[in-house]
Number of protein chains: 2
Amino acid sequence: MKLTTKGRYAVMALADLANFNKANPVPLRDISFRQGISLFYLEQIFLKLKKHNIVRSIRGSGGGYILFKNADELKLSEIFFAVDEKVKTINCNKDSKKGCNGKLSKCITHNLWDELDLHINSFFENKKLSELTKTQNKKL
Amino acid sequence: MKLTTKGRYAVMALADLANFNKANPVPLRDISFRQGISLFYLEQIFLKLKKHNIVRSIRGSGGGYILFKNADELKLSEIFFAVDEKVKTINCNKDSKKGCNGKLSKCITHNLWDELDLHINSFFENKKLSELTKTQNKKL
DNA sequence: TATATACCCGAGTAAAATAGTCAAGATTAA
DNA sequence: TTAATCTTGACTATTTTACTCGGGTATATA
């Protein structure tokens, strides 16, 4: 059970962005360099972030990305959703609409996984991007 | 972010086992049939469960598996650990012992993932196998 | 003792997911 | 006009997952 790099990099990159977002747009090149993430891969990720209105882009020389809303209004759940990092611990209900594993009834553990999903999602729902940059700033 | 089938099947199989564990050992063949899990795969899983003293085996005709301890004493975290379903949301610290991504310092988000791991693990720590079988019994 | 029923265990493999790369473009500031 | 930067879709290598398989060993019971 682990996150994909997409979810992880998205959060890292946005935290970086929030730190340098004071006045000017931040180019991916900079984020790539500072965070050690492939530029190509970042492009892919930011495309999704843009589509979901997490960031706004400015093209051309001197361009880059800026946050669409303030870091203290941006929930991690929004970020994960944008890059398809969905918390869905299992995949019952694949074949039939009613039950799990092709059977008619729910599997014994079905409710458990639902609870787990809720438990994990609550973590992301209650966490704002600003909480990361704050701890970062304290250290500096 | 999702569980592997190993962790999921392990919990399903043990919940099934707990339901039929009254007097006699339960053969994997039965669990395989009832839960719709491949027998070969179950063998692999139960080998691990046995090594970690989650279950005890009785060989030969009339044999099978029984729970090593009572279902209300068995934490889900023990089960997941036994089948290598480790909750480790990311893998910082792979190269160097000090930092993440080959850098010297921790990455911005490092503490976040630690928190997340703790959050998820607490769910499994506080959940007993008996809590699954109970809801099952209510329905019957 | 023969036989069927089970567990035991290591090795192998197909499919899916992940992680990342690449090429060819479109905009725009300087 | 040129360099910087975002835009987009397609492609690929690697890793992980989810099994499968074969050839055992132990034991109850007929």
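Everything numeric here is computed off the predicted structure, so don't read it as measured data. Order of the sequence lines sets the chain letters (A, B, ...), proteins ahead of strands, with each chain counted from 1.
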**Asked** Whole Å only: how far is the CG atom of A:N24 from the C1' atom of C:dA29?
**Response** 13 Å
**Complete:** Rounded to whole Å, CZ of A:R56 lies from C1' of D:dT7 at a distance of 17 Å
**Request:** Might you point out which heavy atoms bring A:K128 and A:E73 nearest each other, and give the distance in Å?
**Result:** CD-C, 4.2 Å
**Asked** Atom CG of A:L42 and atom C1' of C:dA19: how far apart are they, to the nearest Å?
**Response** 13 Å
**Request:** Answer yes or no: does atom CZ of B:F81 have more than 12 heavy-atom neighbours from other residues, nucleotides or ligands under 6.0 Å?
**Result:** no
**Message:** Strictly under 4.0 angstrom, non-hydrogen atoms only: write out the protein contact profile of nucleotides 20-29 of chain D, one letter per nucleotide from the 5' end, B, S or -.
**Reply:** BB--BBBBS-
**Fill in**
Checking D:dT5, D:dC19, D:dT17 against the side chain of B:Y9 (C-beta onward), the nearest is D:dC19
**Prompt:** Which nucleotide in the list C:dC7, D:dT7, D:dA18 gets nearest to the side chain of B:L28?
**Reply:** C:dC7
**Prompt:** Quick one: do B:L39 and B:F20 end up in the same hydrophobic cluster if we chain Ile, Leu, Val, Met, Phe, Trp and Tyr together by side-chain heavy atoms under 4.5 Å apart?
**Reply:** yes
**Asked** B:K86: what forms a side chain to side chain donor-acceptor pair (under 3.5 Å) with it, not counting sequence neighbours?
**Response** none
**Message:** Rounding to an integer number of Å, can you tell me how far A:Y65 OH sits from D:dT5 P?
**Reply:** 12 Å
**Rounded distance (Å) that lies between atom C1' of D:dT7 and atom CG of A:L49** = 14 Å
**Request:** Rounded off to whole Å, could you give me the CD1-to-P distance for the B:I45 and C:dG10 pair?
**Result:** 17 Å
**Item:** A:Y65 and A:F46 aromatic ring geometry - parallel, tilted or perpendicular at 30°/60° bounds
**Value:** tilted
**Item:** Residues forming a salt bridge (Lys or Arg N to Asp or Glu O under 4.0 Å) with A:E78, sequence neighbours excluded
**Value:** A:K69
**Prompt:** Counting just side-chain N and O atoms, does B:K50 come under 4.0 Å of either OP1 or OP2 of C:dC8?
**Reply:** yes
**Message:** Nearest whole Å is fine: how far is C:dA16 C1' from A:D84 CG?
**Reply:** 16 Å
**Asked** How close do B:L132 and B:V11 get, heavy atom to heavy atom, and via which atoms?
**Response** CD1-CG1, 3.5 Å
**Prompt:** Would you say a side-chain N or O of A:T5 is under 4.0 Å from OP1 or OP2 of C:dA19?
**Reply:** yes
**Item:** Nearest-angstrom distance from the residue atom CZ of A:F46 to C1' of D:dT5
**Value:** 13 Å
**Prompt:** Reckon A:T4 has a side-chain N or O less than 4.0 Å from the OP1 or OP2 of C:dA17?
**Reply:** no
